[in-house]
Amino acid sequence: MRHSAYKIVEPILTLNGSPRELELLDLLRRYDLLPSDFIYKATGNYHATRTLLTRLTKGGYIGFPNLPHQEKLAYIPRNANYVYELKPKGAALLALKDRWRARTRGNDHFKHKLLRSMVEFSLDHAGLRTLFPEDILAHPNCPRETREDPFPWRITGSRPLLAPDITRGFAHNGGFAFLHVEVDRGTEPEETQNERQSICAKLSRYQTYLTEKVYFKRYGLTGAPTVLFLTINNNRKERIKKHARKYPHARFAFTCVPDFDADTQLLTTWETLEGSVNLMQILGADNGYGPSTSPYCAPRRANERGVKSRFRNGVAV
């Protein structure tokens, strides 16, 4: 194998869980996968973090996902950054130190999961106060039946199921905006004649979700979220926009990010069916969205945040 770091070896270190070790484990708890450059950006200390990553990997607390051999070989030559996930031993150490916080994890394949995790990281480090899915569910506006639902982010129960890849809220200067993100790598069919998921099926169901104000009935949000379709290919983005004209809604937005890295800024201008919009416009009510998007959603309580992190850029808030 090209990189010895990708070889699976037996753990050779046992760690006690120092504050910095726990902070890094907690970072990987928040995301399914993270490349090393994203981790370095989160900590702001390349050399110390590199040493820490090595120790945690040798201890079996973190590591590369367990992929089939051929898929792993196909990934390695194209990527200079090692990809990490939290291993069961790392989760156990967090639990032992009372730092474990459960979260819903995706069941998507490796490449989609990696892109989704990078998008989540970028949204969470955009410089705004972020409201996470658990914040929305914990708010008094959210109906009890939704909070108790084992799959609260399944927007529709009929097939094909509709569950956003990412849900976030943002607060700034008294304004609120909510976002559902569909991460598209071009592998999902655009149209199908059966119950299999497709782009058109998603667009149709999101149109119903927005038009019938299901976001209020299911989550207690008083304003319509924006549904952002993020692609890595411009032609794919244009085809999705073309299909969206059959199921139009003003809250549909589209963007293409062909080369995603730790410095990618997502909260820029997005295309819509009629022009463009950006999140700061929504938050600032420059386009009339502000009054309708305020969910009166409170930040997470202190006991839900755990120990305050030393990481910069608001990683483990």
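For the single chain, residues carry numbers from 1 onward in sequence order.
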> Are H180 and Y209 near enough that their ring centres are under 6.0 Å apart?
Replying inline: yes

> What closest approach, in Å, do P152 and L137 show between heavy atoms, and which atom pair accounts for it?
Replying inline: CG-CD1, 3.8 Å

> Strictly by modelled atom types, are R50 and Y46 linked by a side-chain donor-acceptor pair under 3.5 Å?
Replying inline: yes

>> So that I can tick it off, tell me whether E188 and K202 are bridged by a salt bridge, with the cut-off set at under 4.0 angstrom between side-chain N and carboxylate O.
In response: yes

> If you take all heavy atoms of G220 and P143, which pair is closest and at what distance?
Replying inline: N-CD, 4.0 Å

> Nearest 0.5 Å, what's the CD1-CD distance between I62 and E21?
Replying inline: 10.0 Å

> Between L123 and V181, is any pair of side-chain heavy atoms under 4.5 Å apart?
Replying inline: yes

> Given the rule in the side chain to side chain contact (heavy atoms under 4.5 Å, CB included) test, do I39 and L28 qualify, once you have shown the distances and angles that lead to the verdict?
Replying inline: CA-CA 9 Å; I39 299 174; L28 290 174; 4.1 Å; yes

> So, does E238 use its side chain to make a donor-acceptor pair with the main chain of N235 at under 3.5 Å?
Replying inline: no

> Just how far is it from atom CD1 of I232 to atom CG of D259, taken to the nearest 0.5 Å?
Replying inline: 9.5 Å

> To the nearest 0.5 Å, how far apart are OH in Y247 and CD1 in I199?
Replying inline: 11.5 Å

>> As a quick check of understanding, evaluate side chain to side chain contact (heavy atoms under 4.5 Å, CB included) for F170 and R129, giving each step before the final call.
In response: CA-CA 6 Å; F170 302 94; R129 182 162 68 89; over 6 Å; no

>> Tell me if the centroids of the rings in H125 and F121 come within less than 6.0 Å of each other.
In response: yes

> Is the count of non-hydrogen atoms from other residues, nucleotides or ligands lying under 6.0 Å from K213 atom NZ greater than 12?
Replying inline: no

>> Could you check whether E23 pairs with R99 (Lys NZ or Arg NE/NH1/NH2 to Asp/Glu carboxylate O, under 4.0 Å)?
In response: no

> Would you find more than 12 non-hydrogen atoms of other residues, nucleotides or ligands less than 6.0 Å from N16 atom CG?
Replying inline: no

> Counting distance only, does the side-chain N/O of R218 pair as donor-acceptor with the main-chain N or O of R154 below 3.5 Å?
Replying inline: yes

> Run the salt bridge (charged side-chain N to carboxylate O under 4.0 Å, His left out) check on D37 and K41 step by step: do they pass?
Replying inline: CA-CA 6 Å; D37 58 330; K41 182 177 179 64; over 6 Å; no

> In terms of heavy-atom contacts, does CZ of F216 have more than 12 from other residues, nucleotides or ligands at under 6.0 Å?
Replying inline: no

>> Given F254, which partner from the list V227, L230, L273 fulfils the side chain to side chain contact (heavy atoms under 4.5 Å, CB included) test?
In response: L273

>> Has R29 got a side-chain atom pairing as donor or acceptor with R101's backbone, closer than 3.5 angstrom?
In response: yes

> Between G90 and L25, what is the shortest heavy-atom contact and its length?
Replying inline: O-CD1, 4.0 Å

>> Let me confirm one number: the CG-CG distance from N45 to L52, rounded to the nearest 0.5 Å.
In response: 10.0 Å

> Hey, is the main chain of F64 close enough, under 3.5 Å, to the side chain of K87 for a donor-acceptor pair?
Replying inline: yes

> Quick one: OG on S122 to CG on L267, what's the gap to the nearest 0.5 Å?
Replying inline: 6.5 Å

> Quick check, are the ring centers of W270 and F229 under 6.0 angstrom apart?
Replying inline: no

> Does a salt bridge link R30 with D124, judged by any charged N lying under 4.0 Å from a carboxylate O?
Replying inline: no

> Does the pair Y206 and I155 meet the rule for a side chain to side chain contact (heavy atoms under 4.5 Å, CB included), with working shown?
Replying inline: CA-CA 9 Å; Y206 272 124; I155 291 174; 4.0 Å; yes

> Between E191 and K246, does a salt bridge (charged side-chain N to carboxylate O under 4.0 Å, His left out) hold up when you go through it step by step?
Replying inline: CA-CA 12 Å; E191 297 180 275; K246 296 180 287 187; 3.5 Å; yes

> Short question: side chain of T264, backbone of D261 - any donor-acceptor pair under 3.5 Å?
Replying inline: yes

> Is there a side-chain contact between R236 and R185, using heavy atoms and a 4.5 Å cut-off?
Replying inline: no

>> More than 12 heavy atoms of other residues, nucleotides or ligands under 6.0 Å from CD of E148: yes or no?
In response: yes

> Distance only, no hydrogens: is a donor on one side chain within 3.5 Å (strictly under) of an acceptor on the other, for T49 and T43?
Replying inline: yes

> Is any side-chain heavy atom of L279 less than 4.5 Å from a side-chain heavy atom of L179?
Replying inline: no

> What residue among K113, E182, E120 forms side chain to side chain contact (heavy atoms under 4.5 Å, CB included) with D165?
Replying inline: E182

>> Taking the side chain as everything from C-beta on, heavy atoms only, tell me whether Y61 gets closer than 4.5 Å to Y84.
In response: no

> Taking all atoms of both residues into account, what is the closest heavy-atom pair of F252 and A244, and its distance?
Replying inline: CD1-CB, 4.4 Å

> What is the minimum heavy-atom distance between D149 and F151, and which atoms define it?
Replying inline: OD1-N, 2.8 Å

> Does some side-chain heavy atom of P189 sit less than 4.5 Å from a side-chain heavy atom of Q197?
Replying inline: no

> If you look at every heavy atom in L210 and P225, which pair is closest and at what distance?
Replying inline: CD2-O, 3.6 Å

> Nearest 0.5 Å, what's the CG-OG1 distance between N278 and T269?
Replying inline: 4.5 Å

> How about V214 and R205: do any of their side-chain heavy atoms sit closer than 4.5 Å?
Replying inline: no

> Got a donor-acceptor contact below 3.5 angstrom from the R147 side chain to the C142 backbone?
Replying inline: yes

> Using the benzene-type ring in the case of Trp, are the ring centres of F176 and F178 under 6.0 Å apart?
Replying inline: no

> Should L283 and L128 count as side-chain neighbours, where that means a heavy-atom distance under 4.5 Å?
Replying inline: yes

>> Suppose we screen for side-chain contact (heavy atoms from CB on, under 4.5 Å). Which residues come up paired with T211, at least two apart in sequence or across chains?
In response: Q207, H249

>> side chain to side chain contact (heavy atoms under 4.5 Å, CB included), that's the test. Do T187 and H112 meet it? Break it down for me.
In response: CA-CA 9 Å; T187 57; H112 185 274; 5.8 Å; no

